[in-house]
Amino acid sequence: MAEKKVLKREFFCGEIREQHIGHVVSVYGWVNTMRELGGLTFIDLRDREGLLQIVINETFSGLETLKHIGKETVLAVSGRVVERAKANLDLPSGRVEVIAESIEILAISEVPPFVPENRSHVSEELRFKYRYIDLRNLAMQQNFKLRSKVNLLARNFLDKEGFLDIETPMLTNATPEGARDYLVPSRIYKGKMFALPQSPQQFKQLLMVAGFERYFQITRCFRDEDLRADRQPEFTQIDIEMSFAEHDELFAIIEQLVREIFALRGHHVVLPFRRLPYREAMEKYGSDKPDLRIPYQIRDFSAEAGTWNSDLLNGALASGAKVKGLVIPDAASFSRKQLDEINETGKKLGGKGVIWMKKSDDGFKASLKIAAETIAAFYNKREIDSGALVLLVADSEAPALSLAGKLREFLGKKFQEKNKLEFLWVTDFPLFFYNEEEKRLDSNHHPFTAPSPEDIPLLDSQPLAVKAIAYDLVLNGVEIGGGSKRIHDIAMQKKVFQMLNLVDKEIEEKFGFFLNALKFGAPPHLGIALGFDRLLMLLTGEDSIREIIAFPKTTSSLCLLTGSPAAVSQRQLDELGIAIKK
Ligand code: ASP
């Protein structure tokens with residue numbers, strides 16, 4: 001069918017513009033759509049940069065064959081660029097079209113299970129099974145172009161700052177980051193297993209002991225845990241470690257990096273980021289990753305609640321409860337049905353119920369028996385606008401804050417503009433939390449995190465009150481990074497292991513190599529890891545990290561494309577010395 005051989009490709013379809021008018025160009029791409037009109041045949045040819053209209057005249061030799069090709073057929077087209085009689089301004093290349101002079105069919109396509117432009121109407125199962133078609137969608141192609149650019153920007157930025165890109169093993173020992181390990185059985189040492197790294201934590205610290213001073217790696221981490229929209233069993237981190245620095249210096253580097261990354265999408269990120277100690281974050285937002293786009297905080301109304309003559313509240317207060325409240329702007333018009341729904345949501349979120357107060361046309365009201373004048377006086381004293389809805393939860397402090405925090409986020413959805421970026425450092429996390437299931441202390445971050453020097457005297461007497469030099473970077477309610485100053489003193493590291501209920505034998509087996517390194521001149525060091533996928537999710541405005549990972553797993557940890565995880569042959573199992581329990 002080719003009238004003349006297609007020339008070497010100089011342009012992508014989506015790049016052809018008015019300045020190419022009059023030129024003969026060659027393009028390659030996939031048939032997005034094809035239609036006939038007034039004797040002419042029009043093809044929208046698509047490549048990674050966009051669409052280009054190809055016009056085929058009635059007299060084109062081979063036209064009959066072309067009429068039978070389907071969508072997603074791959075073509076090479078040469079032809080002259082001309083101005084379109086009627087521009088399509090929805091398309092960047094919409095002012096021009098190419099009059100085909102030669103067309104070569106490079107690969108035909110069977111009728112695809114769906115076409116890329118319709119991906120949003122297709123189930124995730126089908127999209128993941130045919131991910132290569134799903135990825136042909138132009139928005140997806142943009143996501144991965146951006147991902148590549150961010151990757152390169154981060155590398156160049158960190159190189160400029162003196163960080164060395166050093167790879168660390170994938171086949172290794174367990175790294176305690178709080179998830180289950182993915183294990184890889186050893187063929188040579190039967191019964192022994194490697195673990196895939198939950199993070200390069202211990203290796204990056206060893207690189208500090210090795211004297212590299214500044215390390216980074218854009219690396220894959222593996223955690224076997226329940227998946228959510230922002231979690232995948234394997235994910236990518238920008239992993240960073242530096243010696244002889246304090247967190248102010250690290251924060252400044254990360255802020256600059258993040259600013260440059262967001263500038264790729266035209267955002268102007270204001271520096272420095274806000275900082276909020278963990279305790280304050282919990283008190284004001286009931287969350288250690290608050291979404292600061294929501295314009296209201298949690299307030300404590302315990303003192304007033306005691307004066308409202310409510311048996312229910314008085315009883316709760318007498319047994320040590322706190323009354324925490326949210327003042328939702330412009331929400332006094334919420335209907336009874338909406339308020340009932342909020343109460344139900346509160347219960348589903350694990351609370352006992354949600355009390356409301358508001359001003360209606362016929363005066364102040366509440367879901368509890370509280371006099372209208374009392375409510376009016378309360379609104380007045382606490383300077384609450386009469387158009388605002390007040391929601392109250394009464395419980396012991398931690399659950400009350402947690403429920404109020406969840407309600408804050410739930411009701412704050414309408415304030416969550418995608419284009420607004422609210423960055424925040426949450427600092428001073430507690431070093432430990434109490435693991436109810438295992439009845440022991442557990443690390444909030446990981447066991448290599450250093451306690452705040454002023455809290456070291458509390459380690460034995462009040463371990464749960466000890467703060468860590470640990471920080472998370474939060475953007476719009478999503479944790480996009482976390483790190484800490486590390487323990488570089490062997491005695492302190494041993495003590496923390498012991499506080500986590502590890503016995504000496506276990507410490508030696510699991511971490512002996514690491515403790516050994518602390519004997520030979522370990523410099524003070526600290527670090528952080530940024531969630532590369534989550535960053536990209538927020539940068540592209542996607543709702544799930546699956547949209548910016550080329551070949552993701554489903555929420556039930558399956559790869560629908562390859563069918564993994566899959567059974568293996570008896571021979572492989574025998575080689576590994578493994579028997580599968582039925
Ligand atoms: N290893 C930590 C993590 O993966 C990050 C760090 O402390 O640098 O969350």
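Because the structure is predicted, anything quoted here is derived from the model rather than measured. Counting starts at 1 for both ligands and their atoms, in listed order.
The protein heavy-atom contact nearest to atom 9 (O) of ligand 1 is Glu177 OE1, 3.7 Å. In terms of protein heavy-atom proximity, atom 5 (C) of ligand 1 is closest to Gly482 O, 3.4 Å. At the top of the distance list for atom 7 (O) of ligand 1, counting protein heavy atoms only, stands Arg486 NH1, 2.8 Å.
The residue from Phe251, Phe273, Phe429, Tyr278 that alone fulfils the ring-ring contact (aromatic ring centres under 6.0 Å, His included) condition with Tyr471 is Phe251.
Comparing His446, Arg223, Lys485 against atom 4 (O) of ligand 1, the shortest heavy-atom distance belongs to Arg223.
Counting only residues at least two apart or in different chains, side-chain hydrogen bond (donor to acceptor under 3.5 Å, both in side chains) contacts with residues 176-186 comprise Glu177-Ser199, Asp181-Gln198.
Per-residue contacts place Ala529 under 4.0 angstrom from the following atoms of ligand 1 (heavy atoms of the residue considered): 5 (C), 8 (O). Heavy-atom proximity to Ser199, at under 4.0 Å, picks out these atoms of ligand 1: 1 (N), 4 (O). Here is the list of ligand 1 atoms found below 4.0 Å of a heavy atom in Lys204: 6 (C), 8 (O). Of all atoms in ligand 1, listed by their number and element, those nearer than 4.0 Å to a heavy atom of Ile528 are 8 (O). Atom numbering of ligand 1 starts at 1 in the shown order; those under 4.0 Å from a heavy atom of Gly483 are 6 (C), 7 (O). Each of the following atoms of ligand 1 lies closer than 4.0 Å to a heavy atom of Gln237: 3 (C), 4 (O).
Residues satisfying the ring-ring contact (aromatic ring centres under 6.0 Å, His included) test with Phe497, not counting sequence neighbours, are Phe511.
To the nearest 0.5 Å, the span separating CZ on Arg119 from CG on Leu126 amounts to 11.5 Å.
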ask   = Checking side-chain hydrogen bond (donor to acceptor under 3.5 Å, both in side chains) for the pair Arg155/Asn151: CA distance, chi angles, key distance, verdict?
value = CA-CA 6 Å; Arg155 287 177 190 285; Asn151 188 317; 2.7 Å; yes
request  = Check the pair Asp291 / Gln416 against side-chain hydrogen bond (donor to acceptor under 3.5 Å, both in side chains), numbers first and verdict last.
outcome  = CA-CA 8 Å; Asp291 187 339; Gln416 294 170 330; 3.0 Å; yes
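Formation of a donor-acceptor pair under 3.5 Å by the Lys204 side chain with backbone atoms of Gln201 is not found in this model.
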